[in-house]
Amino acid sequence: MLSRIVVGLGISVVCFAVAGRRFFWLSKLIRSGKPAGRAWEGFRRAKEGVTAEIVEVAGQRKLLKWTVPGIAHFFTMWGFTVLLTTILEAYGALFVRDFAIPFIGRSNWLAFVEDFFATAVLVSLVVFTAIRIKNAPARKDRASRFYGSHLGPAWLVLFMISMVIVTLLVYRGAQINTGYFPFTTDGVASPWAFASQFVAHALPSSPSVNNAVEYWGIIANIGVIAGFLVIVSYSKHLHIFLAPLNVAFSRRPRALGGLDKTPDMDMDNVTEDTVFGVGKIDDFTWKQMLDFATCTECGRCQSVCPAWNTGKPLSPKLLIMGLRDNMFASADRLLSGSSDGAVDTLVPSIIDPDVLWSCTTCGACTEQCPVDIEHVDAIIDMRRYEVLMESRFPSEAGLLLRNMENQGDPWGLGGSKRTEWLGALDFDVPIIEDTIPDDVEYLYWVGCAGSLDERGRQQVVSTARMLHRAGVTFGILGPRESCSGDPARRFGNEYLFQEMAKANIETLNAVGTKKIVASCPHCFNTIKNEYPALGGDYEVIHHAELLTHLVKNGRLRPGFNYKGTVTYHDPCYLGRHNRIILEPRTVLAAIPGVTQVEMGRCREKGFCCGAGGARMWLEENIGKRVNMERTEEALGTGADIVSTACPFCMIMLDDAVKANGKGDEVAVMDISQVVEKSLG
Ligand code: SF4
Ligand code: SF4
């Protein structure tokens, strides 16, 4: 007995010391990051944090979206949690052969629960093994979500988990045969411990063999658990401990919508030490460093990324892994706090420029990530550094930035053109010059594409007509409206964004704006979610929301003049970023002749059109065009109208439909145009 105590505790002390040292080192490394403001935020929004822990961690919501691996992971995670009781029992058995946890340790229900989860974990491991064998060539297959993941360590972890369960069941089986099983009443081992009973029957009946198996089985179980702890602390399976922390400190309700940080761009506050954005790993916040350490390399983000799926070099998984590797490689410097010596910037030494500039900021990666990693903010942080500190960016963007700066719109057409679309209306729309009159309910934020692009204008003309028909009063800023700044911000030019945003806020405040209806999801997102940090607080809705309201109230009744099949493309900044998913479908459903068909990738899983993140104005020379990929999916539904609720999506999809030779058969329309079509 003494030897068992010495060996069991000896192994544990050594392994716990090694793992503990590693965790202490990791915690120091992560805390070396810049302040993130998340600790206070986490405290302030504790209720939402608790909900997230219940839904994301305990409920495994995101993982369960992928049914088979999701269920397997659910049982493995809960198996590990529930089987903590068996660790207590194993350590207790070092001292007392039939040790039982006080109060509950001899009950049939605990015997059943422990054996059930032990069996469930074993079955889950078989599922994981099958998935990994099926994906064996995955590391070299771009189509696989495991492309680029470290598969060797994953096999080791599967083996270690299986050994934890096997050694557990083996020593419990032996305990039944030696009469030292804790779940024993009147000399009869509980039949509810069904898996342990199965092993007991499989073992030889010899008492000496069972004594030896029990003795070494407990030591082996403790040894495997302690060894596993060490392996976890040095591997991607760190997520077992870090995921709940990362979820706890994540942005609420999700890291989508507005960007996380609004840096101080006041040039009066700039010193020679000021760094805009992230140039080297040292510039990331501790929360971002926690993100990097938490990545499980599961590849869910990679599998949904429009850039990766169209042959671009950007994989959000490989990007996060690259940053994590660089964080570990830079640990000595980070921990010493030394800024001595030249350090290569992340771009291009760690992150290829083509990787950085391929992102459309669609948020599909963040939406999918089961451990709430915030990819989009990290990408924009690096873009900010490239643009503001290094002036390194795709050359074609120079014109975009100059146009926005000088003319207030990406095309450089100027404010005087912003009212031309009004000529298509047979009613007057007030152009607000002084203050918004009391009888005008909404300020209609038309947006650059809606004001200046021919197809965008068709969208806003239809929207204006439908609002007017329903008796909604609205006015526009006309020449005083300027770009919301979204392309500049997503491109990384935070300075230009804030200049434009502040000018817009000044105008909006001067005319007494309270309620804004926007047609462009990018303007909608920016004004609603990002202007408040700069002093612009308004009630902002998208026209899809307003049309839904009008249709539901009976103020807008679609007609019978259109009959056909419509598929709806979710704009990323409306659907995924702002969860306006049902409203456009409600509007379409209100049109009697419309039959709706969904694309495979829809709603919060919608596939980007390729325009976001200022990509609309950048060359797309690598791989397949994103809009072609999306449009092929839309055409595959057989719909005769591809509808959407974003002028940029309309332009991208319309271009691709025409390039596909389907321009005469399939129309690309905003939902407001479909409503108008139904009215004849
Ligand atoms: S935001 Fe979209 S394009 Fe960018 S990395 Fe994530 S999934 Fe890919
Ligand atoms: S970033 Fe998230 S989704 Fe992507 S591989 Fe890592 S854990 Fe998986």
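Ligands are counted one by one from 1 in listed order, and the atoms in each one are counted from 1 as well. This one's a predicted model, so the numbers in the text were calculated from it and none came from an experiment.
Donor-acceptor pairing under 3.5 Å is recorded for the side chains of His543 and Asp670. Checking Asn578 against Asn525 by side-chain atom types alone, a donor-acceptor pair falls below 3.5 Å. Between Glu620 and Asn627, the side chains place no donor N or O within less than 3.5 Å of an acceptor N or O (distance only, hydrogens not considered). At a cut-off of 3.5 Å, with distance as the only test, a side-chain donor of Asp291 or Asn246 sits close to an acceptor on the other residue.
Each of the atoms 6 (Fe), 7 (S), 8 (Fe) of ligand 2 lies under 4.0 Å from some heavy atom of Thr296. Residue contact check: Cys301 has heavy atoms under 4.0 Å from atoms 1 (S), 3 (S), 4 (Fe), 5 (S) of ligand 2. Every atom of ligand 1 is numbered from 1 in the order shown, and the set under 4.0 Å from a heavy atom of Thr360 is 3 (S), 4 (Fe). Listed by number with element, the atoms of ligand 1 under 4.0 angstrom from any heavy atom of Cys365 are 1 (S), 5 (S), 6 (Fe), 7 (S). Atoms of ligand 2 lying under 4.0 Å from at least one heavy atom of Lys317, given by number and element, are 5 (S). In summary, the atoms of ligand 2 found under 4.0 Å from a heavy atom of Val371, numbered by their order in the structure, are 7 (S).
Residue, atom and distance of the protein heavy atom nearest to atom 6 (Fe) of ligand 2 are Cys295 SG, 2.3 Å. Nearest protein heavy-atom neighbour of atom 8 (Fe) of ligand 2: Cys298 SG, 2.3 Å. Protein heavy atom in closest approach to atom 5 (S) of ligand 2: Gly299 N, 3.1 Å. Nearest protein neighbour of atom 2 (Fe) of ligand 2, counting heavy atoms only, is Cys369 SG, 2.3 Å.
Ligand 2 has Glu297 within reach: a non-hydrogen atom of the residue lies less than 4.0 Å from it. The shell of residues lying under 4.0 angstrom from ligand 2, judged by heavy atoms, includes Pro370.
Screening His522, Arg490, His542 against Tyr573 for a side chain to side chain donor-acceptor pair (under 3.5 Å) leaves a single residue, Arg490. If you run salt bridge (Lys or Arg N to Asp or Glu O under 4.0 Å) between Asp377 and each of Arg38, Arg251, Lys261, only Arg251 comes through.
With a cut-off of 2.8 Å, atom 2 (Fe) of ligand 1 has no N, O or S atom of Cys572 in range. Not one N, O or S atom of His375 sits under 2.8 Å from atom 4 (Fe) of ligand 2.
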Verify side chain to side chain contact (heavy atoms under 4.5 Å, CB included) between Glu53 and Val247, making sure each step is shown before the conclusion.
CA-CA 7 Å; Glu53 292 291 333; Val247 170; 3.9 Å; yes

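Residues Ser519 and Gln459 approach most closely at O-NE2, 3.7 Å, considering heavy atoms.
Remark: side-chain polar atoms of Glu530 are not paired, donor with acceptor, to backbone N or O of Ile527 under 3.5 angstrom.
The pair Glu629-Arg601 meets the salt-bridge criterion, since a charged nitrogen lies less than 4.0 angstrom from a carboxylate oxygen.
At a heavy-atom cutoff of 4.0 Å, ligand 1 is contacted by no atom of Thr366, backbone or side chain.
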